[in-house]
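Here the structure is a predicted model, which means the values were calculated and not measured. Chain A is the first sequence line, chain B the second, and so forth, proteins listed ahead of strands; every chain is numbered from 1.
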Amino acid sequence: MSESVAAEHDYIGLSMEAAQMSDNKTKTRDNNNNKNDDVLNFKATELRLGLPGSESPERVDQRFLSLKSSCPVSGAKRVFSDAINGSTKWVFSPGSATDVKDIKPAVPVKEKKSSAAAAPPASKAQVVGWPPIRSFRKNTMASSQSQKQGGGDNNNSETEGEAKSGAEPCLYVKVSMEGAPYLRKIDLKTYKSYVELSSALEEMFSCFTIGQFGSHGGCGRDGLNESRLTDLLRGSEYVVTYEDKDSDWMLVGDVPWEMFICSCKKLRIMKSSEAIGLAPRVMEKCRSRN
Amino acid sequence: MDLRLPSKVLEHILSFVDSNEDRNSVSLVCKSWFETERRTRKRVFVRNCYAVTPEAVARRFPETRSLTLKGKPHFADYNLVPDGWGGYAWPWIEAMAAKCPSLDELRLKRMVVTDECLEKIAASFKDFKVLVLTSCEGFSTDGLAAIAVACSNLRELELRECIVEDLGGDWLSYFPETLTSLVSLDFSCLDSEVKLSDLERLVSRSPNLKSLKLNRAVSLDALGSLLRLAPQLVELGTGSFSDKLDQEAVSKLSQAFSEMKELKSLSGLWDVLPEYIPLLYSVCPGLTSLNLSYATVQMPDLVELLTRCSNLQKLWVMDLIEDKGLEVVASSCKELRELRVFPSGAEGLNDTNVAMTEQGLVSVSEGCPNLESVLYFCVQFTNAAMVTIARNRPNLTCFRLCVMEPFSPDHKTQQPLDEGFKAIVERCKDLQRLSVSGLLTNKAFEYIGTHGKKLRMLSIAFAGDSDLMLHHLLSGCESLNKLEIRDCPFGDTALLENAAKLETMRSLWMSSCCVSFGACKLLSQKMPKLNVEVIDEHPLETRPDSSPVERIYIYRTLAGPRLDMPEFVWTTQKNPEIGVSHLAIK
């Protein structure tokens, strides 16, 4: 499980959870596919006040780890049914009337407390952005701690997702793309290979390249997770390049991964035609490709 | 007889009208007043950069000198807004460069600013004077160098808690020798060491320098020589305060501090060693603002410092101050207006067992008659304490209590903290900002809705039993401008019932609540003047209407849907083919 992951330290937000989530998502998707008729039937389309997905808790669990009790399906409904009886102002979608029967007694205060307390302390650290301390402050305090401990506390420095980490080389690189209106920033340390990098980039910028992949089995963003970077872009107009320590623009994929992450300063996805003006090595690659 | 005021006369009159609220009223009188006002407005504030287009602003106020912009929602500070969401400064800088050449001040908060932006500023505004970036990101020290080299009349360069790609300390050396106009420099958020000689020369040729905030890399030794060069400083942010100095260096530093007769604000003090605290004694009586939130000093040393700060109005400190220390603050700092107490634990969860409870805040509320703004992180609280605080300080305008363990009840009675917050909203009639925490039920929100009539900003986390509570807030809080909610079981009904309210607010943020996709679509359809953004990094493939959304950000806008949305932001306008299903609430 993800108990050891301190989600709120991840600069990208939920990306650590993302790995978990996409695993769980596949499970949920399978469930949904199996119950196809459910999608069409009334129960599934009703708007309920409890978490609608509560039959399939995977999606909810990660985020609400210690806080599941905060959204008690029964408790929420109970209160609303009170309101309904009291006034006609609140209207329900008809389907939920069937659920009124299932209502358990309102969750008393104590029960909440104990269920919250029952969650292991480690799960506290999982809640993104809680307590509400600015990331800047968190990182400053964290690096201050690690300095005091002689830099020996690895957890702190690893969980600093920010570019500001004092002790370690900064592995945040900007990623820009020809024609995209915005830059992204990624932490190269979160990827272990070109494959992982390529799928991340592909996800980030797929809305721009989606047209290019029509020939690759007609998949949109979902079907190409396993492709290699070079395969991905072979046949398309785009190449991924990076600026290295000597400020030269090189083609991504040539050097071993470890060497790449040490020398990469910036990434840029550009059209092959643009890449022609770059270092000869890049041109050569483009030629051999075409 | 022509009853209109000649526009020259009107212009002259308007030159005395500073407040934009008044100017907004002026512009509604008639067309000619609108025209004259817009041509003479000098400062523009856009508190949500997506509420209006840059072109519209630049076109309307061509003579503007100063632009203030805010981008991402407040919860972005706590990593709740995914990277790449938006808030780009570039379109604004481009628009202003094209239409408003007189622009000389730019203040940006929570925006993405790139090096290209900074280069554009440097190139476009000939007399650029003030650049203040707060919680911004996306640029490197190269961009700073561009500003430094080109803005020959630069007065203020302040980087407050920005995430900067730090490529080294060279940027500082780009300030030309001819630049003598500097009034304020804040590079406290940078990591790299700047060349001391460059810094010293810059400081020596800046006779108007009033505010200097150094980064951690500036040593204590260096601080001494800088202070000797700038004894006129009103605001000082020190660098690291922990190097070992010999006796002579210490006494020189002490001397330097005692020469600073104008100093009113002190911050920095990273890693300050207790033996250096006495160095600050000489400036304490003059201080109105003291930021010890990075000073990991224990209570006794803090007390020594604070007993000497009789004129202090603003104090930021860590919970290492403990209840005892806050008692000293209560008796020594009678002018105190703002108190912020931050947690010292590494994870923010106070694992250092610090002896700070609700009593500390109670003491300060008793002793400091001018206390109006509070931010207090603590492990536990009681209703009785809040009742006392409210009784003592009905003049509170900002009360942000963060009980760090979600769902914590009153630790003495085990009751929810409803009654405590009730006292706060009932008694503090001018309360404008409130953050609640701990165990809360329906009642708390009923009270807030009933009494919080002047409340403009409200932050809620891990609270509540049901949707009814959101309804109380939206229907009761008349002045509500910004509402941010996370991890509460608030959902569709209250949102849709109070849709009209959302147009009277700047923004609503809800994350990890129970809002369904269908409701978002419906709301979007009902309310064309709102941008309803569903921010979902992991949407289900089929996205049935009943599926909950991860985050929803709703804001009023004249600009329509924005064009720079990343793939994880969904709006009806972006995906019109999905539309709204047959599902309806009514």
Looking at B:S516, is its backbone amide N or carbonyl O close enough to the side chain of B:D492 to form a donor-acceptor pair, meaning the two atoms are under 3.5 Å apart? yes

Not counting sequence neighbours, which residues clear side-chain hydrogen bond (donor to acceptor under 3.5 Å, both in side chains) with B:T141? List them please. none

When the 4.5 angstrom heavy-atom criterion is applied to B:W270 and chain A, the contacting part is side chain

Salt bridge (charged side-chain N to carboxylate O under 4.0 Å, His left out) with B:R160: which residues, sequence neighbours excluded? B:E158

Answer yes or no: does atom CD of A:E243 have more than 12 heavy-atom neighbours from other residues, nucleotides or ligands under 6.0 Å? yes

Given the options B:A461, B:C402, B:S293, which has more heavy-atom pairs under 4.5 Å with chain A than any of the others? B:S293

Heavy-atom cut-off 4.5 Å, strictly under: side chain, backbone, both or neither for B:V403 against chain A? backbone

Against chain A, label B:M318 side chain, backbone, both or neither, depending on which of its atoms sit under 4.5 Å from a heavy atom there. side chain

